[in-house]
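For the single chain, residues carry numbers from 1 onward in sequence order.
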Amino acid sequence: MKLQIYQQLTHGDLSKFNEQAPDSFMAWNGESIQLPDTGTHFGFVYSGNPVLYRSAGLQDYKLHPGMYFSLPGEGWVGGKDSSGFLVTCPAFRGVFLIGGAIESIGRLGYINGGTDNVLIPPIMQGDPCLNALYFPPGVDQTAHTHPSYRLIIVVEGSGECETPDGTTPLQPGITIFIPANSLHKFRTMEDKLTVICFHPDSDTGFTHTNHPMLKRTIVSGMSASNLPEIQTKTFM
């Protein structure tokens with residue numbers, strides 16, 4: 001499967017992105033999208049002031065451009081003159097979170113001059129996560145792959161994405177689906193480029209035997225992370 005480009009956020013199912021991944025990809029533009037009770041929904045607001053409704057608490061939240069969210073369970077998002085994209089992970093139980101707007105530069109180093117911010121982090125190792133990637137002018141990335149798919153939306157600036165099949169110009173509003181193990185690189189010229197990137201998995205995050213509460217619990221001078229005999233064996 002090749003890299004796929006969606007030129008404009010259009011309300012409804014981004015069905016051509018669904019060939020590889022078990023997750024579903026949706027976009028809204030001027031309307032609302034119903035979010036099913038199963039799984040967890042990750043969203044990013046591209047434009048306007050949509051409302052996020054959470055059925056579990058019978059609450060709604062007014063969002064702004066650059067904001068993002070994680071919603072487990074049923075609800076809806078959207079509204080007139082607003083747009084954004086959604087990823088639903090049907091087998092994942094996440095937490096409710098609203099954040100943003102995104103910052104202007106990344107806090108973490110990436111590659112070839114780019115930086116990264118983890119917007120919705122993996123709470124446990126292997127969980128999905130949402131990132132913002134920042135490329136200053138003059139970046140020519142080293143060609144690379146990812147072990148799982150990436151769904152990306154361009155939110156600011158311009159640049160291009162190069163694959164063995166050709167080069168695609170990038171402008172705000174373009175959505176990119178990068179299949180697992182697909183060789184690609186990003187390039188900027190005189191303008192910077194900012195994108196939001198959804199990862200369906202991660203190799204960082206806490207585990208049942210490696211998290212701050214456990215590691216910073218000290219028993220007779222020793223961390224409880226080194227005392228398996230007292231660690232809780234029953235998990236949620």
Side-chain angles (χ1 to χ4, degrees), residues 3 21 23 40-46 63-71 84-87 89 92 94-163 170 172 174-207 209-216 225:
L3 176 144
D23 308 320
T40 298
H41 317 284
F42 294 83
F44 178 80
V45 180
Y46 178 68
L63 307 181
H64 307 279
M67 295 185 72
Y68 44 89
F69 62 86
S70 167
L71 174 69
F85 85 77
L86 286 157
V87 181
C89 302
F92 174 63
V95 297
F96 178 59
L97 183 151
I98 295 176
I102 62 171
E103 297 179 281
S104 59
I105 192 169
R107 296 170 178 260
L108 302 172
Y110 184 38
I111 64 171
N112 303 117
T115 55
D116 171 67
N117 273 341
V118 183
L119 306 178
I120 299 178
I123 296 175
M124 296 190 68
Q125 190 177 78
D127 286 354
C129 60
L130 190 69
N131 295 258
L133 297 176
Y134 305 84
F135 306 106
V139 165
D140 188 9
Q141 272 193 328
T142 301
H144 60 279
T145 64
H146 304 292
S148 54
Y149 80 81
R150 301 290 182 263
L151 184 67
I152 291 173
I153 181 171
V154 180
V155 297
E156 187 178 10
S158 63
E160 57 188 27
C161 180
E162 179 183 315
T163 74
L170 301 178
I174 286 178
T175 303
I176 311 166
F177 178 78
I178 304 176
N181 304 310
S182 176
L183 188 68
H184 64 284
K185 64 188 295 187
F186 289 95
R187 184 183 294 115
T188 58
M189 282 65 79
E190 297 180 356
D191 198 4
K192 65 180 181 179
L193 177 70
T194 303
V195 305
I196 303 300
C197 180
F198 177 80
H199 296 210
D201 53 15
S202 58
D203 60 2
T204 61
F206 298 123
T207 69
T209 57
N210 182 10
H211 60 86
M213 193 71 224
L214 183 70
K215 295 188 74 170
R216 302 295 285 176
S225 63

Enquirer: Drop me the distance from Ile176's CD1 to Ile152's CD1, to the nearest 0.5 angstrom.
Expert: 5.5 Å
Enquirer: Do any pairs count as a salt bridge (charged side-chain N to carboxylate O under 4.0 Å, His left out) and have a residue in residues 120-133, sequence neighbours left out, and if so which ones?
Expert: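 Qualifying pairs, neighbours excluded: none.
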Enquirer: Might you point out which heavy atoms bring Asp23 and Cys89 nearest each other, and give the distance in Å?
Expert: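 Shortest heavy-atom separation between Asp23 and Cys89 comes out as OD1-CA, 3.5 Å.
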Enquirer: Identify the heavy atoms of Ala180 and Pro147 that sit nearest to each other, and give their distance.
Expert: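 The answer is CB-O, 3.7 Å.
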Enquirer: Can you pull the salt bridge (charged side-chain N to carboxylate O under 4.0 Å, His left out) pairs that have at least one residue in residues 100-116, sequence neighbours excluded?
Expert: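 Of all non-adjacent pairs touching residues 100-116, those that pass salt bridge (charged side-chain N to carboxylate O under 4.0 Å, His left out) are Glu103-Arg107.
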Enquirer: Between CG of Leu133 and OG1 of Thr194, what distance do you get to the nearest 0.5 Å?
Expert: 9.0 Å
Enquirer: Less than 4.5 Å apart, side chain to side chain, heavy atoms only: is that true for Pro122 and Thr204?
Expert: yes
Enquirer: Could you work out, with side chain to side chain donor-acceptor pair (under 3.5 Å) as the rule, every residue matching His64, not counting sequence neighbours?
Expert: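 Testing His64 for side chain to side chain donor-acceptor pair (under 3.5 Å), a comparison that skips the adjacent residues, returns Asn49.
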Enquirer: Taking only residues two or more places apart in sequence or in another chain, which ones pass side chain to side chain donor-acceptor pair (under 3.5 Å) with Ser70?
Expert: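 Ser70: no side chain to side chain donor-acceptor pair (under 3.5 Å) contacts found.
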Enquirer: Once you round to the nearest 0.5 Å, how far does OG1 of Thr145 lie from CG of Leu183?
Expert: 7.0 Å
Enquirer: Check Ala101 against Pro65 and note the closest heavy-atom contact, atom names and distance.
Expert: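 Nearest heavy atoms, Ala101 then Pro65: CB-O, 3.7 Å.
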Enquirer: Mind checking whether Phe44 and Val87 have side chains closer than 4.5 Å, heavy atoms only?
Expert: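 Side chain of Phe44 against side chain of Val87, heavy atoms only: no contact under 4.5 Å found.
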Enquirer: Do you know the tightest heavy-atom contact between Val118 and Pro121?
Expert: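 Shortest heavy-atom separation between Val118 and Pro121 comes out as CG1-CA, 3.5 Å.
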Enquirer: For residues Val139 and Leu193, determine if any side-chain heavy atom of one lies less than 4.5 Å from a side-chain heavy atom of the other.
Expert: no
Enquirer: Kindly indicate whether the side chain of Ile102, heavy atoms from C-beta on, has any atom under 4.5 Å from the side chain of Tyr134.
Expert: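 With C-beta onward as the side chain, the pair touches.
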Enquirer: What are the two closest non-hydrogen atoms of Val154 and Gly157, and how far apart are they?
Expert: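 Scanning both residues completely, I find the closest heavy atoms to be CG1-O, 4.5 Å.
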Enquirer: By ring pair (Phe, Tyr, Trp, His ring centres under 6.0 Å), which residues pair with Phe135, not counting sequence neighbours?
Expert: Phe186
Enquirer: Report the residues that fulfil ring pair (Phe, Tyr, Trp, His ring centres under 6.0 Å) with His146, sequence neighbours left out, ordered by chain and then residue number.
Expert: His144, His184
Enquirer: Are the side chain of Arg150 and the backbone N or O of Ser148 linked by a donor-acceptor pair below 3.5 Å?
Expert: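 It does hold such a pair.
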Enquirer: Considering residues at least two apart in sequence or located in another chain, which fulfil the side chain to side chain donor-acceptor pair (under 3.5 Å) criterion with Gln141?
Expert: none
Enquirer: Taking only residues two or more places apart in sequence or in another chain, which ones pass side chain to side chain donor-acceptor pair (under 3.5 Å) with Asn112?
Expert: Thr142
Enquirer: Using ring pair (Phe, Tyr, Trp, His ring centres under 6.0 Å) as the criterion, list what pairs up with Phe198, not counting sequence neighbours.
Expert: Phe42
Enquirer: For the aromatic rings, using the six-membered ring if either is Trp, is the centroid distance between Tyr149 and Phe177 under 6.0 Å?
Expert: yes
Enquirer: What residue pairs, at least two apart or across chains, pass salt bridge (charged side-chain N to carboxylate O under 4.0 Å, His left out) with a residue in residues 188-206?
Expert: Glu156-Lys192
Enquirer: Partners of Arg187 by salt bridge (Lys or Arg N to Asp or Glu O under 4.0 Å), sequence neighbours excluded?
Expert: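 Salt bridge (Lys or Arg N to Asp or Glu O under 4.0 Å) list for Arg187, sorted by chain: Asp140, Glu160, Glu162.
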Enquirer: If you take all heavy atoms of Phe206 and Pro212, which pair is closest and at what distance?
Expert: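 Where Phe206 meets Pro212 most closely, the heavy atoms are CE2-CD, 3.2 Å.
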Enquirer: Kindly say whether Ile105 contributes a backbone atom to a donor-acceptor pair with the side chain of Thr115 at under 3.5 angstrom?
Expert: no
Enquirer: How many angstroms lie between atom OG1 of Thr209 and atom NZ of Lys215, to the nearest 0.5 angstrom?
Expert: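 Answer for the OG1-NZ pair, Thr209 versus Lys215, is 9.0 Å.
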Enquirer: How long is the gap from CG on Leu108 to CG on Asn131, to the nearest 0.5 Å?
Expert: 8.5 Å
Enquirer: Could you tell me whether the side chain of Thr188 and the main chain of Gly138 form a donor-acceptor pair under 3.5 Å?
Expert: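 Yes.
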Enquirer: Starting at OG of Ser225, measure out to CE of Met213 and round the result to the nearest 0.5 Å.
Expert: 12.5 Å
Enquirer: If the condition is ring pair (Phe, Tyr, Trp, His ring centres under 6.0 Å), which residues does Phe96 pass it with, not counting sequence neighbours?
Expert: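 Here the qualifying residues are Tyr61.
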Enquirer: Counting C-beta onward and ignoring hydrogens, is there a side-chain heavy-atom pair between Leu119 and Ile196 closer than 4.5 Å?
Expert: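 Side-chain contact under 4.5 Å: yes.
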